[in-house]
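These notes concern the structure reproduced below.
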Amino acid sequence: MKKYTTLLVFFIVSTAMHSQKFTKEERDLILSAPETEMLRVTQVTDSADLKILKAVSTDINPKDKLIPVLAKRMYLAMRDPARPGVGIAAPQVGINRNIIWVQRLDKAGEPFELCINPKIVWRSNLMRKGAEGCLSIPDERGDVYRNYTIQITYFDSEGNLKEEVVEGFTAVIFQHEIDHLNGLLFTERINEQQAFQGYPIGDGVILTLEKKVKR
């Protein structure tokens, strides 16, 4: 396991450092206004926006000098007083790059953290069903099954590689935002889960096993 982890870390770091830089169009959008001004949130009701939301995003060099500017403008869009959220992905501001903000409800003070090139490397069989919404689909909410626990890798705002296990609603936020990076909306998750057959294991919070455990 240790050898596998070492190889995984090497691969992630190597891939990240050789990732493409922002395109001219991306740079122009990022620098289209001061970093004190939020970027516009893409909407599924706009055909051009939907094309961006449905596209698969790509990694970016975590040391790119424009990331701090994009991050600040993304954060402002996410925390717009008119419609604040607990997370946002770069495609939601028109940039198909693997960058997300996530509120860490699992940490003291529930801080918001920037994650660059996040990857889910493991998912638990234990599932959680709960209501979700989206800044890009403002008038719709629905119940989605998400893995209760996930293991993730990402680069933080300082460019340091992180690896950790996350669970509960924070894991839900990560999965929702990483879905955006893969061109998936929560409404599509709901549709594909119509035939999902879980095995409930308790009352209260809806937890279910993805696969039946042999006794």
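Nothing fancy with the numbering, it's 1 onward along the sequence.
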**NZ/NE/NH1/NH2 to OD/OE distance under 4.0 Å, Lys107 and Glu113** = yes
**Asked** Between Arg73 and Ser32, is any side-chain donor less than 3.5 angstrom from a side-chain acceptor?
**Response** yes
**Complete:** When every non-hydrogen atom of Ile99 is compared with those of Leu70, the smallest separation belongs to CD1-CD2, 3.7 Å
**Message:** Whether the side chain of Gln194 engages the backbone of Ile190 through a donor-acceptor N/O pair (distance < 3.5 Å, no angle test) should be reported.
**Reply:** yes
**Message:** With rounding to the nearest 0.5 angstrom, report the CD1 to OH distance, Ile100 to Tyr154.
**Reply:** 9.5 Å
**Message:** Same cluster or not: Ile173 versus Ile152, using hydrophobic residues (I, L, V, M, F, W, Y) connected whenever any side-chain heavy atoms lie under 4.5 Å apart?
**Reply:** yes
**Complete:** Applied to residues 190-199, the salt bridge (Lys or Arg N to Asp or Glu O under 4.0 Å) test, sequence neighbours excluded, yields Arg189-Glu192
**Message:** Asn147 vs Met127, test: side chain to side chain contact (heavy atoms under 4.5 Å, CB included). Steps then yes/no.
**Reply:** CA-CA 4 Å; Asn147 303 91; Met127 308 290 285; 3.4 Å; yes
**Request:** Would you name the heavy atoms of Arg141 and Gly133 that are closest together and state the gap between them?
**Result:** NH1-N, 3.7 Å
**Message:** A side-chain contact here means heavy atoms from C-beta on lying under 4.5 Å apart; do Leu114 and Asp156 qualify?
**Reply:** no
**Asked** For the residue pair Pro138 and Gln43, what are the closest heavy atoms and their distance?
**Response** CD-OE1, 3.1 Å
**Message:** Is there a side-chain contact between Ile67 and Ile60 in this structure, where contact means two heavy atoms from C-beta onward sitting under 4.5 Å apart?
**Reply:** yes
**Item:** Closest heavy-atom pair and its distance - Ser57, Asn98
**Value:** CB-OD1, 3.2 Å
**Prompt:** Taking side chain as C-beta onward, heavy atoms only, is Val93 less than 4.5 Å from Arg40?
**Reply:** no
**Prompt:** Under 4.5 Å between side-chain heavy atoms, hopping through other hydrophobics if needed: is there a path connecting Leu135 to Leu181?
**Reply:** no
**Rounded distance (nearest 0.5 Å) linking atom CG of Asp28 with atom CD of Glu25** = 7.0 Å
**Item:** Atom pair OH (Tyr148) and OG (Ser124), whose distance is rounded to the nearest 0.5 Å
**Value:** 9.0 Å
**Message:** Less than 4.5 Å apart, side chain to side chain, heavy atoms only: is that true for Asn96 and Thr58?
**Reply:** no
**Message:** Are Ile95 and Tyr75 linked, directly or through intermediate hydrophobic residues, by side-chain heavy-atom contacts shorter than 4.5 Å (ILVMFWY only)?
**Reply:** yes
**Message:** Taking the basic N atoms (NZ, or NE/NH1/NH2) and the acidic carboxylate oxygens, is any pair closer than 4.0 Å for Lys72 and Glu37?
**Reply:** no
**Separation between CD1 of Ile88 and CH2 of Trp101, rounded to the nearest 0.5 Å** = 11.0 Å
**Item:** Asp59 and Arg97 ion-paired at < 4.0 Å
**Value:** no
**Message:** Test your reading of the model: is there a side-chain donor-acceptor pair from Thr149 to the backbone of Glu167, 3.5 Å cut-off?
**Reply:** no
**Message:** Could you tell me if the side chain of His176 sits less than 4.5 Å from the side chain of Cys134, heavy atoms only?
**Reply:** yes
**Prompt:** Looking at side-chain heavy atoms only, is the closest gap between Met78 and Met38 below 4.5 Å?
**Reply:** no
**Request:** Check the pair Phe186, Ile137 against side chain to side chain contact (heavy atoms under 4.5 Å, CB included), reporting the backbone distance first and the verdict last.
**Result:** CA-CA 9 Å; Phe186 85 93; Ile137 317 175; 3.9 Å; yes
**Request:** Working to the nearest 0.5 Å, report the span between CD of Gln151 and CD of Glu164.
**Result:** 10.0 Å
**Request:** Give the minimum heavy-atom separation between Gly183 and Glu188, together with the two atoms involved.
**Result:** O-OE1, 3.7 Å
**Message:** Please determine whether residues Val69 and Phe112 belong to a single hydrophobic cluster, defined as Ile, Leu, Val, Met, Phe, Trp and Tyr linked transitively by side-chain heavy-atom distances below 4.5 Å.
**Reply:** yes
**Message:** When you measure from the side chain of Asp49 to the backbone of Thr45, do you find a donor-acceptor pair of N or O atoms at a distance under 3.5 Å?
**Reply:** no
**Prompt:** Do you see a donor-acceptor pair shorter than 3.5 Å between the side chains of Gln92 and Ser136?
**Reply:** yes
**Prompt:** How about Trp122 and Ile150: do any of their side-chain heavy atoms sit closer than 4.5 Å?
**Reply:** no
**Prompt:** How far does OG1 of Thr42 sit from CG of Leu50, to the nearest 0.5 angstrom?
**Reply:** 9.0 Å
**Asked** So do Asp64 and Lys21 actually touch side chain to side chain, heavy atoms under 4.5 Å?
**Response** yes
**Request:** Mind listing the closest non-hydrogen atom pair of His180 and Ala89 along with its distance?
**Result:** CB-CB, 3.5 Å
**Arg128 (side chain) donor-acceptor with Phe169 (main chain) under 3.5 angstrom** = no
**Prompt:** Would you find a donor on one side and an acceptor on the other, under 3.5 Å apart, between the side chain of Asp80 and the backbone of Pro84?
**Reply:** no
**Prompt:** Hey, is the main chain of Leu184 close enough, under 3.5 Å, to the side chain of Asn182 for a donor-acceptor pair?
**Reply:** no
**Item:** Connected via hydrophobic side-chain network under 4.5 Å: Leu126 and Val144
**Value:** no
**Request:** Apply the side chain to side chain contact (heavy atoms under 4.5 Å, CB included) test between Arg146 and each candidate in Gln193, Glu132, Lys129; give the one that qualifies.
**Result:** Glu132
